[in-house]
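Here's the structure we're looking at; comments come further down.
The figures that follow rest on heavy atoms only: side chains count, while hydrogens, waters and symmetry mates do not.
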Amino acid sequence: MRDASVTLTWADGDYTFRLGWGEMVMLQEACDAGPYEVYERLTGKRWRVQDIAAVIRLGLIGGGVEPTKALAMVRDYVESRPPLENLPFARGILMIGIMGAPDGEQPGEAQGEAAGAGSTTSPTGSSE
């Protein structure tokens, strides 16, 4: 089913990310651009750090994480890390949000291929 969700091993565990209609509207407001324009920035060389953070935060919220926890996670695992570490995740989450997960494939596999990432694990250090 193409429900625009994907479960990935990210940060400190496995999380479901989903960018539904409401999250896409919030993404437009956060990035001052439509979802596909943000996707084009993420796949090119014109991305902004806010593009990465907003996609991941809103994807977590759409996947069921409470907004305050999603914000804290983005601060710990996105904003305190090099941007390129999370760029493939943001790219894949947004692609699946726009097009849905391909039928017959595991969403994590499609995300990894689309993002060009060999792994869906984000190496993170302790925030303590």
Side-chain angles (χ1 to χ4, degrees):
M1 175 188 296
R2 291 180 180 245
D3 72 348
S5 68
V6 60
T7 300
L8 301 171
T9 300
W10 175 81
D12 61 357
D14 293 337
Y15 294 92
T16 298
F17 296 84
R18 183 176 186 276
L19 291 172
W21 193 272
E23 291 82 22
M24 293 282 190
V25 170
M26 289 187 278
L27 180 67
Q28 287 181 153
E29 293 169 1
C31 297
D32 194 29
Y36 203 81
E37 184 177 348
V38 174
Y39 179 74
E40 286 183 331
R41 290 193 313 221
L42 291 173
T43 58
K45 295 181 180 180
R46 297 182 50 204
W47 54 267
R48 302 172 185 175
V49 291
Q50 180 58 26
D51 296 342
I52 298 168
V55 167
I56 292 174
R57 181 178 62 83
L58 293 168
L60 285 166
I61 293 168
V65 174
E66 297 214 11
T68 53
K69 182 178 180 187
L71 180 59
M73 291 178 73
V74 166
R75 286 182 177 149
D76 289 345
Y77 297 108
V78 177
E79 294 174 0
S80 67
R81 308 291 303 165
L84 290 179
E85 186 175 291
N86 284 287
L87 179 62
F89 290 97
R91 192 180 310 150
I93 292 163
L94 185 52
M95 183 213 52
I96 289 175
I98 292 170
M99 299 188 316
D103 292 332
E105 291 184 25
Q106 293 297 319
E109 293 171 357
Q111 185 277 338
E113 293 169 11
S119 170
T120 58
T121 303
S122 175
T124 56
S126 175
S127 59
E128 299 176 50

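With hydrophobic clusters built from ILVMFWY side chains whose heavy atoms lie under 4.5 angstrom apart, Phe89 shares a cluster with Leu84. Both Tyr36 and Ile56 are assigned to one and the same hydrophobic cluster, defined by single-linkage of ILVMFWY side chains at heavy-atom distances under 4.5 Å. Under the 4.5 Å side-chain heavy-atom criterion for ILVMFWY residues, no single connected hydrophobic cluster contains both Ile52 and Leu71. The same ILVMFWY cluster, assembled from side-chain heavy atoms under 4.5 Å apart, contains both Val49 and Leu60.
Considering only heavy atoms from C-beta on, Leu8 stays 4.5 Å or farther from Tyr15 through its side chain. Within the 4.5 Å cutoff, side-chain heavy atoms of Arg41 are placed close to those of Cys31. Taking the side chain as every heavy atom from C-beta outward, Asp3 and Ser5 approach each other to under 4.5 Å. Using a 4.5 Å heavy-atom threshold, the side chains of Trp10 and Ile93 count as separate. Side-chain contact between Val55 and Gln50: absent, with no pair of heavy atoms (C-beta onward) separated by less than 4.5 Å. Glu23 has its side chain out of reach of Leu27: every pair of non-hydrogen atoms, C-beta onward, lies at least 4.5 Å apart.
Glu85 contributes no side-chain N or O that, together with a main-chain N or O of Pro82, makes up a donor-acceptor pair within less than 3.5 Å. Side-chain N or O atoms of Asp76 include none that pairs as donor or acceptor with a backbone N or O of Met73 at under 3.5 Å. Side-chain atoms of Asn86 come within 3.5 Å of backbone N or O of Tyr77 as a donor-acceptor pair. Arg57 places no side-chain N or O within donor-acceptor distance of the main-chain N or O of Ala70, the cut-off being under 3.5 Å.
In terms of heavy-atom proximity, Val78 sits nearest to Ala53 at CG1-CA, 4.1 Å.
How far CD1 of Ile61 is from CE of Met26: 6.0 Å, rounded to the nearest 0.5 Å. For the atom pair CD (Glu37) and CG (Asp51), the distance works out to 9.0 Å, reported to the nearest 0.5 Å. With values rounded to the nearest 0.5 angstrom, Leu58 atom CG is found 12.5 Å from Arg18 atom CZ. For the atom pair CG (Leu94) and CE (Met24), the distance works out to 5.5 Å, reported to the nearest 0.5 Å. The distance from the CG atom of Leu19 to the CE atom of Met95 is 11.5 Å, given to the nearest 0.5 Å.
Checked by atom type, the side-chain pair Thr7/Thr16 shows a donor-acceptor distance below 3.5 Å.
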